[in-house]
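Notes follow once the structure below has been shown.
In listed order, ligands and their atoms are each counted from 1. Reckoned from all heavy atoms, side chains included, excluding hydrogens, waters and symmetry mates.
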Amino acid sequence: MKKLTKWLEENKITEIECITPDQTGIARGKIMPTDKFIDEKGIRLPESVLLQTTTGDYPDDETYYSLLDPQDIDMVLRPDDSAVFTVPWAAEPSAQIIHDCYDSMGNLMELSSRAVLKKVLALYEAKGWKPIVAPEVEFYLTKRCTDPDLPLVPPIGRSGRQESGRQSFSIDAANEFDPIIEDIYDWCEEMHLDIDTLIHEEGAAQLEFNFRHGEALKLADQVFIFKRAVREAALKHKIGATFMAKPISGEPGSSMHVHQSLTDAKTGKNIFSNEDGSASELFHSYIGGLQHYIPQMMPIFAPNVNSYRRYLPGADGNAPVNIEWGNENRTVGLRVPQAAPSARRVENRLPGSDTNPYLSLAGNLICGYLGMVNHLKPRMPIQGRASEEADETVPWNLEAALEAMSNSEDIRNALGANFVDGFVATRRAEYEGFRRVISSWERQYLLSTV
Ligand SMILES: NC(=O)CC[C@H](N)C(=O)O
């Protein structure tokens with residue numbers, strides 16, 4: 001706290017956003033003047049904040065009361081002084097400080113997604129392993145739209161025109177949004193986010209930012225903050241930005257691919273490679289773990305009804321519909337990029353951009369961990385194009401995915417039964433809400449035909 005107080009003084013910070021990610025990845029917390037923050041060294045919030053859905057609803061009563069105190073008591077949030085960022089878009093000098101959530105006994109709240117990631121990282125630490133990850137985050141810039149019944153359209157770029165067609169990797173198409181991109185870059189620099197490259201993705205006004213590889217908790221924090229920054233940069237320029245997995249029919253979806261490797265915590269050496277440069281047994285069993293456990297982990301990689309619209313075989317975009325692996329192969333869900341032995345890694349291409357980054361990293365890492373400790377073997381790698389058929393072992397819709405996750409003893413043991421029950425229950429509550437809304441497809445095709 002001393003170091004943090006000094007930093008706040010040096011940066012003349014007058015206002016603090018005390019934030020924590022809920023299960024959906026939304027920042028929840030309180031805003032206060034710096035003096036009050038320093039006096040109180042933490043805040044209190046109702047525990048139920050961690051069981052809120054994206055729509056602000058809660059799960060059914062039975063789950064709610066089995067996981068939370070019936071009086072809806074407070075939890076205590078304490079700042080993590082290694083997760084402190086300025087707020088470059090704020091009107092006055094401000095800081096956003098990520099907090100951890102503790103229960104009345106002083107333990108990390110099992111329902112907190114940041115705590116779930118810490119739990120997984122502790123398993124790695126006990127083995128003397130340190131995972132290294134690199135997320136790639138895609139999103140769309142869109143024209144502002146307040147009517148949810150109207151489709152989203154691309155914003156007007158610098159040329160005064162709206163983008164159409166496919167512009168993968170086009171520098172000029174990215175430059176159309178230069179003023180926004182400049183803000184994102186400047187702000188990321190000010191906040192010390194480890195942004196590596198920017199590319200224009202396939203979709204109209206779809207961009208991708210890649211993060212430099214590093215430690216998982218640090219990168220989860222950075223993606224959490226990055227998403228806020230992108231939305232704010234878009235707002236400043238009077239447009240929108242969305243991390244929905246499939247915001248526009250007929251356009252590619254948005255993903256959050258995660259590159260993953262494993263190092264020896266002491267030496268820092270990549271232990272996915274043997275001394276002679278070949279792939280290690282750990283590497284193969286890590287992939288075996290991803291293949292075995294992804295079907296039970298889908299609600300984490302694809303948490304919304306909308307997430308599953310990315311995975312339609314033959315749909316626009318390159319979203320995978322399989323969990324095969326292969327070297328330098330973009331038609332599989334688990335791609336092993338061409339790299340030196342010291343950079344040997346696997347990229348999971350399944351997670352959507354709408355995933356909570358803490359849970360996505362925890363989910364990936366626990367699949368790999370369980371694979372390694374149980375010596376699982378991967379399937380044979382795919383050479384050439386993978387089948388266009390969707391892999392039948394994976395639940396490709398939210399209902400089936402939730403069923404698979406809540407029935408998985410291994411995932412319940414690894415991530416915590418209370419967490420799994422709470423997470424599944426918030427997703428189910430959202431799904432129930434979705435089921436009550438009549439869509440434009442129904443109006444278009446059923447209204448006057450059936
Ligand atoms: N970079 C890519 O391969 C595109 C990924 C694609 N946008 C998806 O949703 O999965």
Closer than 4.0 Å to some heavy atom of Arg349 - which atoms of ligand 1 meet that?
3 (O)
Pick, from Glu208, Arg310, Glu251, the option with the minimum heavy-atom distance to atom 9 (O) of ligand 1.
Arg310
Using a strict 4.0 Å cut-off to heavy atoms of Ser255, name the atoms of ligand 1 that fall inside it.
5 (C), 8 (C), 9 (O), 10 (O)
Looking only at N/O atoms, are Gly253 and ligand 1 under 3.5 Å apart anywhere?
yes
Side-chain contact, heavy-atom cut-off 4.5 Å: Val120 with Tyr369?
no
Tell me which pairs pass ring-ring contact (aromatic ring centres under 6.0 Å, His included) where either residue lies in residues 147-181, with sequence neighbours left out.
none
Count the heavy atoms of every other residue, nucleotide or ligand shown that sit under 6.0 Å from NZ of Lys130, and state whether that count exceeds 12.
no
When Arg349, Arg379, Arg385 are each screened for salt bridge (Lys or Arg N to Asp or Glu O under 4.0 Å) with Glu324, the one that passes is Arg379
Which protein non-hydrogen atom lies closest to atom 6 (C) of ligand 1, naming both residue and atom, and how far is it?
Glu138 OE1, 3.6 Å
Are Trp396 and Tyr311 an aromatic pair by the rule of ring centers under 6.0 Å?
yes
Return each pair, listed once, that meets side-chain hydrogen bond (donor to acceptor under 3.5 Å, both in side chains) where at least one residue sits in residues 141-155; pairs must be two or more places apart or across chains.
Asp149-Arg443
Regarding ligand 1, does Arg330 bring an N or O atom to under 3.5 Å of one of the ligand's N or O atoms?
no
Against ligand 1, does His257 come closer than 4.0 Å with any heavy atom?
yes
Check for me whether Arg427 meets the cation-pi criterion with Phe423, that is, NZ or CZ under 6.0 Å from the six-membered ring centre and within 45 degrees of the ring axis.
yes
Considering only heavy atoms of Ser254, which atoms of ligand 1 have at least one such atom less than 4.0 Å away?
9 (O)
Could you find the nearest protein heavy atom to atom 1 (N) of ligand 1 and give me its residue, atom name and distance?
Glu201 OE2, 2.8 Å
